[in-house]
2 protein chains.
Amino acid sequence: MIDVRFPTTLQMMLSLALAQSEGDILLSSTQLAEGAGTNPTLVRRLLPLLSKAGLISVTKGREGGVRLARPAREVTLDTIYRAIVGDEPLWTARENVPHRCLVSNNISSFFGRLTREAEEALLLSLSRRDLAESLEELRRIETCALPGR
Amino acid sequence: MIDVRFPTTLQMMLSLALAQSEGDILLSSTQLAEGAGTNPTLVRRLLPLLSKAGLISVTKGREGGVRLARPAREVTLDTIYRAIVGDEPLWTARENVPHRCLVSNNISSFFGRLTREAEEALLLSLSRRDLAESLEELRRIETCALPGR
DNA sequence: TTATTATGTATCCAATATAGATACATTTAG
DNA sequence: CTAAATGTATCTATATTGGATACATAATAA
């Protein structure tokens, strides 16, 4: 099964940014799930990760729900990625490689370095966008997609 | 199950680069598999991808085997990644997201752009290393790991 | 020509990770 | 106290990968 946690979380965060811009509205896990085309359980599994990272603020109980914990402009997409993925490296090498030659002896260290470098490049790319800017991009996309007349 | 095709392929390519530097030696899928801690079947599933990408040259039949098709200096790691991963995007968004609002209407386009950008950054990072340079790095790692006296 | 020894593939099974569904404990506002 | 939200546990279905076996195909040595 394909891992859709990052795209799903990103859509949740964009929905929260939109709700914030429309007057600090709280969204429930059910509403977030319907918007993202998934079910409330998955949303409720993701919320604590975002909450621990300080990106959202969650209120339990009646009249509770979810909102962004910071202005949309201050939430860059790399922090969302990190909140969901955690310490998991982008790529994982095979374990139990026998040590027999220059390559097999040191592939693990080498691959670790390579992975960290690539990850850094990836996160830097994500850090160039924030939620507010992304909402603007969504608006531009919607405008472009309108049928011409 | 964790996907180890890229790390495995990278190790195979490094082994081939080492074999090349030691006198254009051919390696069999069995030898490559033993070095990488896997089985010949997986290696033989990966070889055609590298071959189609023009990175290796494979000879069937008795006395056959695998060698690099180009000098190690001219094989950058991004081409290896592309050969194995193909067109598969780095991240895949969920399908069947209902179109109901600014976010859900346009998330698919937005996420596609984001993914392509991140992928580009990733490949650029990989393109900074080639196989020859990587062998040198393996040698440096091995030297550093020697116990001091 | 024949035996040997490579790769290329098909097939099957096992292991693993994620998504989805249900249920229920916990928390909080009214 | 009730209603309604999140937090979590558990189970199942599904998809993907890796490993094993077998065999077709190809090419070389003898």
Side-chain angles (χ1 to χ4, degrees), chain A residues 1-9 11-12 16 19 25-53 55-67 69 84-86 88-98, chain B residues 1-9 11-12 16 19 25-53 55-67 69 84-86 88-98:
Chain A
M1 194 154 292
I2 296 176
D3 186 346
V4 290
R5 281 175 298 178
F6 178 54
T8 301
T9 306
Q11 181 168 356
M12 286 165 46
L16 291 172
I25 301 166
L26 288 178
L27 296 181
S28 69
S29 59
T30 303
Q31 291 173 305
L32 287 168
E34 282 173 358
T38 179
N39 62 85
T41 304
L42 178 61
V43 171
R44 291 209 284 261
R45 274 198 282 249
L46 295 171
L47 290 182
L49 301 173
L50 295 167
S51 183
K52 277 170 201 153
L55 300 183
I56 60 175
S57 107
V58 178
T59 323
K60 289 177 85 170
R62 185 162 176 174
E63 306 293 301
V66 188
R67 65 160 60 88
I84 293 302
V85 173
E88 239 180 276
L90 176 62
W91 299 309
T92 306
R94 196 184 287 271
E95 297 175 354
N96 307 327
V97 175
Chain B
M1 190 158 295
I2 296 176
D3 186 346
V4 290
R5 281 175 298 180
F6 178 54
T8 301
T9 305
Q11 182 169 353
M12 287 166 45
L16 291 173
I25 301 166
L26 289 178
L27 296 181
S28 69
S29 59
T30 303
Q31 290 173 307
L32 287 168
E34 281 173 358
T38 180
N39 63 85
T41 304
L42 179 60
V43 171
R44 291 209 284 260
R45 275 198 280 249
L46 295 172
L47 291 182
L49 300 174
L50 296 167
S51 183
K52 276 169 202 156
L55 300 182
I56 61 176
S57 106
V58 179
T59 322
K60 290 177 86 169
R62 186 162 175 171
E63 307 292 301
V66 188
R67 65 160 61 87
I84 293 303
V85 174
E88 240 180 275
L90 176 61
W91 299 309
T92 305
R94 196 185 286 273
E95 298 176 351
N96 307 326
V97 175

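Keep in mind that the numbers below use all heavy atoms, side chains included, and drop hydrogens, waters and symmetry copies.
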Tell me what A:T38 touches on the nucleic acid: a base, only sugar-phosphate, or nothing, going by heavy atoms under 4.0 Å.
sugar-phosphate

Grab the CG-C1' distance between A:L42 and D:dT14 for me, whole Å please.
15 Å

note: B:I2, atom CD1; D:dG18, atom P; distance rounded to Å ~ 10 Å

Nearest-nucleotide wise, let me know which of B:R62 and A:R45 is further upstream toward the 5' end of DNA chain D.
A:R45

Answer with yes or no whether A:R94 presents, from its side chain, a donor or acceptor under 3.5 Å of a partner atom in the base of D:dG18.
no

Closest of D:dA29, D:dT14, D:dT17 to the A:M1 side chain is D:dT14

Name the residue closer to the 5' end of DNA chain C, choosing between A:E63 and A:G37 according to the nucleotide with the nearest heavy atom.
A:G37

What nucleic acid atoms does A:T41 come within less than 4.0 Å of, heavy atoms only: base, sugar-phosphate, or nothing?
base

Test side chain to side chain donor-acceptor pair (under 3.5 Å) applied to A:R5 - qualifying residues, sequence neighbours left out:
A:D3

Shoot me the first and last contacting nucleotide of DNA chain C against chain A, ordered 5' to 3', at under 4.0 angstrom to non-hydrogen atoms.
C:dT18 to C:dA29

Atom CD of B:Q11 and atom CG of B:L16: how far apart are they, to the nearest 0.5 Å?
11.0 Å

Residues which pass side chain to side chain donor-acceptor pair (under 3.5 Å) with B:R45, listed by chain and number, not counting sequence neighbours
none

Within the structure, does a side-chain N or O atom of A:S29 lie under 4.0 Å from either OP1 or OP2 of D:dT6?
yes

What is the distance from CG of A:N39 to P of D:dA13, rounded to the nearest Å?
16 Å

List for me each residue that meets side-chain contact (heavy atoms from CB on, under 4.5 Å) alongside A:V58, sequence neighbours excluded, and say none if there are none.
A:S51, A:I56, A:V66

Separation of atom CD1 in A:I56 from atom C1' in D:dG7, rounded to whole Å:
12 Å

Which residues pass the side chain to side chain donor-acceptor pair (under 3.5 Å) test with B:T9, not counting sequence neighbours?
none

Tell me the interatomic distance from A:L16, atom CG, to D:dT6, atom P, rounded to whole angstroms.
11 Å

Could you state the atom-to-atom distance from CG of A:D3 to P of D:dT14 in whole Å?
19 Å

Using the closest heavy atom to pick a nucleotide of DNA chain D for each, name whichever of B:T8 or A:S51 lands nearer the 5' end.
A:S51

B:L46 side, atom CG; B:T41 side, atom OG1 - distance, nearest 0.5 Å:
11.0 Å

Using whole Å, report how far CG of A:N96 lies from P of D:dG18.
15 Å

Among residues at least two apart in sequence or on other chains, which ones pass side-chain contact (heavy atoms from CB on, under 4.5 Å) with B:R94?
A:V4, A:T8, A:T38, A:L42, B:V97

